[in-house]
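Working notes for the structure below.
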Amino acid sequence: MASLTSKKLKSIPAEITVPGDKSISHRSAMFAGLAKGTTIIDGFLPSEDCLCTVHAMQALGATMEPLEEVEGVGLVKLAITGNGMKLKAPEKPVDCGNSGTTIRLLSGILAGQDFKTELFGDASLSKRPMKRVADPLGQMGAKITGQGEKICAPLTIEGSALKSIYYKLPVASAQVKSAILLAGLYAAGKTTVVEPVATRNHTERLFSHFGIKWLREDDCVSVYGGQEPKANDITVPGDISSAAFWMVAAAASPGSQITLKNVGLNPTRTGIITVLLRMGAQVTNSETHSEGEPRGNITVRGGDLNATVIGGAEIPNVIDELPILAVAAALARGKTLIRDASELRVKETDRIAAVASNLRLMGVTVTEHPDGMEIEGGAKLHGATLPCYGDHRIAMAFLVAGMFAEGTTTLEGAECISTSYPGFERHLDLFLNGDAGARPIPVVSSVPQPLVDKMNRDKS
Ligand SMILES: O=C(O)C1=C[C@@H](OP(=O)(O)O)[C@@H](O)[C@H](O)C1
Ligand SMILES: C=C(OP(=O)(O)O)C(=O)O
């Protein structure tokens, strides 16, 4: 198993451009595969998770042409050609890898097909609850079966002619909301999802981009069935959830400054900026583009961080950033409380238990609660050999923690980082060793044949 090592940080680079947004890349590939005609996706995130979505859409009848690759990162520009909303039955079970977004959103799309599909994933995905999508999609008329009470993968999805529903989400989840809205496109009439707390709205924004009408009234999001996405080229902004690691590294380094270039600034995702500001970092953003998915540069100036409380309606907005915010809390003065975040227990691993255990191994006092944790900031961190629990966000968060610890910190099983951040190691190196060893990242515009073969592998 690959391990990655971190040590005291040498310098904060002036600028970093993180790869494309994961949520938007998944959805772009799905919508493009449902549209008749060709959509060019630029700034695509070629992470393991998003490639699973591309392979799935290929297995369901869409075609994909690779257009541009960045060395050490992967395919960042591709063309997807769909044949409309009616997909082709796949020849074999569809592999969703480690990706909750892939399996849950695809379930919504497959609920409206006239065939049966099997979806499976890796050991981590197979433990995550799919009942949250099986229940509403079942009410719409699809037949979804899975393993045990939580209806875990492998799932079988037997699509049918769907009926629309009015559904109150029992948990704040953009994946569940999106699965229902996607199924709503296949249902007669108006499908409405009521959110207990607002979650990321990329599906809605992409509906607009692909010409699908939807409406938001208070806490309700609705879509009418019978609409079909229209192919429309898209440029994906950088992922604020990936930028978060470097934002915290800079925020906790008084006197330093970093600019994260071309990051998505959708207000349903920028909670990390609010939290870091509250903790005492200086954070500014300059929006360069406000249509569709807003984007721009984020500049963080480090300072002495103070403890805070993170909870309530803020949680869905920082859900994937909580591991690295817990690291920020360990570096801050005072006791930070994270609450209302029990959803962290059903991610790639139990992120409350994993963060608490790894922080303790580095010398931090942490009290675990069912829905969060209390972190005593200000202790001197010491390096340690830590597990990732197969979770990319745990791996990256603790490699950043290692930059503030005495000695070295080793994350075992760090290959899981490719789930969301190809090229992470090269960026980490800029912090640990400075610019000296860095090479410019070449863009290869004609994609090498082995990659073309790899990308087309699942078509057969
Ligand atoms: O819709 C999405 O793209 C996502 C929603 C969130 O999950 P939940 O919907 O389970 O909260 C988030 O944790 C995940 O990384 C991506
Ligand atoms: C939870 C995550 O993703 P997913 O649910 O798509 O596996 C994540 O990226 O942190």
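Remember, it's 1-based here, ligands and their atoms both numbered in the order they're listed. Please read these numbers as outputs of a predicted model, since none were measured by experiment.
Remark: ligand 1 atoms within the under-4.0 Å shell around heavy atoms of I319 are 13 (O). Interface atoms of ligand 1 facing K22, defined by a heavy-atom separation under 4.0 Å, are 15 (O). For ligand 2 and H392, the ligand atoms under 4.0 Å from any heavy atom of the residue are 8 (C), 9 (O), 10 (O). Heavy-atom proximity to N98, at under 4.0 Å, picks out these atoms of ligand 2: 7 (O). Within ligand 1, counting atoms from 1 as listed, the ones closer than 4.0 Å to a heavy atom of S173 are 8 (P), 9 (O), 10 (O), 11 (O). Heavy-atom proximity to K347, at under 4.0 Å, picks out these atoms of ligand 2: 1 (C).
Nearest protein neighbour of atom 12 (C) of ligand 1, counting heavy atoms only, is D320 OD2, 3.3 Å. Looking only at protein heavy atoms, the nearest one to atom 4 (C) of ligand 1 is Q175 NE2, 3.5 Å. Here the protein heavy atom with the shortest distance to atom 3 (O) of ligand 2 is K22 NZ, 3.0 Å. Closest to atom 1 (C) of ligand 2 among all protein heavy atoms lies E348 OE1, 3.0 Å. Protein heavy atom at the shortest distance from atom 11 (O) of ligand 1 is K347 NZ, 3.3 Å.
Considering only non-hydrogen atoms, atom 6 (O) of ligand 2 lies nearest to T101 out of D239, D391, T101. Among G100, A174, C52, the residue whose heavy atom sits closest to atom 4 (P) of ligand 2 is G100.
A 4.5 Å side-chain heavy-atom check between I324 and M247 finds every atom pair outside the cut-off. Using a 4.5 Å heavy-atom threshold, the side chains of C152 and K127 count as separate. Proximity of Q227 to K213: side-chain heavy atoms (C-beta onward) are separated by under 4.5 Å at one or more points. With contacts defined as side-chain heavy-atom distances shorter than 4.5 Å, the pair S208/W214 qualifies. Between T192 and E217, the closest side-chain pair of non-hydrogen atoms is not below 4.5 Å. V327 has its side chain within reach of L331: a pair of non-hydrogen atoms, C-beta onward, lies under 4.5 Å apart. The side-chain heavy atoms of P387 and N358, taken from C-beta on, include a pair separated by under 4.5 Å. Residues F207 and L185 are in side-chain contact: their nearest non-hydrogen atoms beyond the backbone lie under 4.5 Å apart.
For the pair R128 and ligand 2, the shortest N or O to N or O distance falls below 3.5 Å. In terms of polar-atom proximity, S178 is not counted as a contact of ligand 1, lacking any N or O under 3.5 Å from an N or O of the ligand. Checked against a 3.5 angstrom limit, the closest N/O atoms of R27 and ligand 1 fall inside it. Geometrically, ligand 1 and E343 share no nitrogen or oxygen pair separated by less than 3.5 Å. Considering both main-chain and side-chain atoms, A174 comes within under 3.5 Å of ligand 1 through a nitrogen or oxygen pair. Backbone and side-chain nitrogen or oxygen atoms of R393 are examined, and one is located within less than 3.5 angstrom of a nitrogen or oxygen of ligand 2.
Between F31 and F210, the ring planes are tilted. Angles from 30° to 60° get that label.
Salt bridge absent: R295 and D21 never bring a charged side-chain N and a carboxylate O closer than 4.0 Å.
Atom CD of E149 has 12 or fewer heavy atoms from other residues, nucleotides or ligands within 6.0 Å. More than 12 heavy atoms of other residues, nucleotides or ligands shown are found within 6.0 angstrom of CD on E368.
Panel note: side chain S160, backbone G141; a donor-acceptor pair is recorded below 3.5 Å.
Residue contacts with ligand 2, taken as heavy atom pairs separated by less than 4.0 Å, do not involve E343 at all. Counting heavy atoms closer than 4.0 Å to ligand 2, residue T419 contributes nothing at all. Contacts between Q175 and ligand 2, counted as non-hydrogen atom pairs separated by less than 4.0 Å, involve the side chain only. Contact annotation for K177 and ligand 1: no heavy atom of the residue comes within less than 4.0 Å of the ligand.
Checked options E348, R351, K347; the residue passing with R393 is R351 (criterion: side chain to side chain contact (heavy atoms under 4.5 Å, CB included)).
Ligand 2 has no atom lying under 4.0 Å from any heavy atom of H26.
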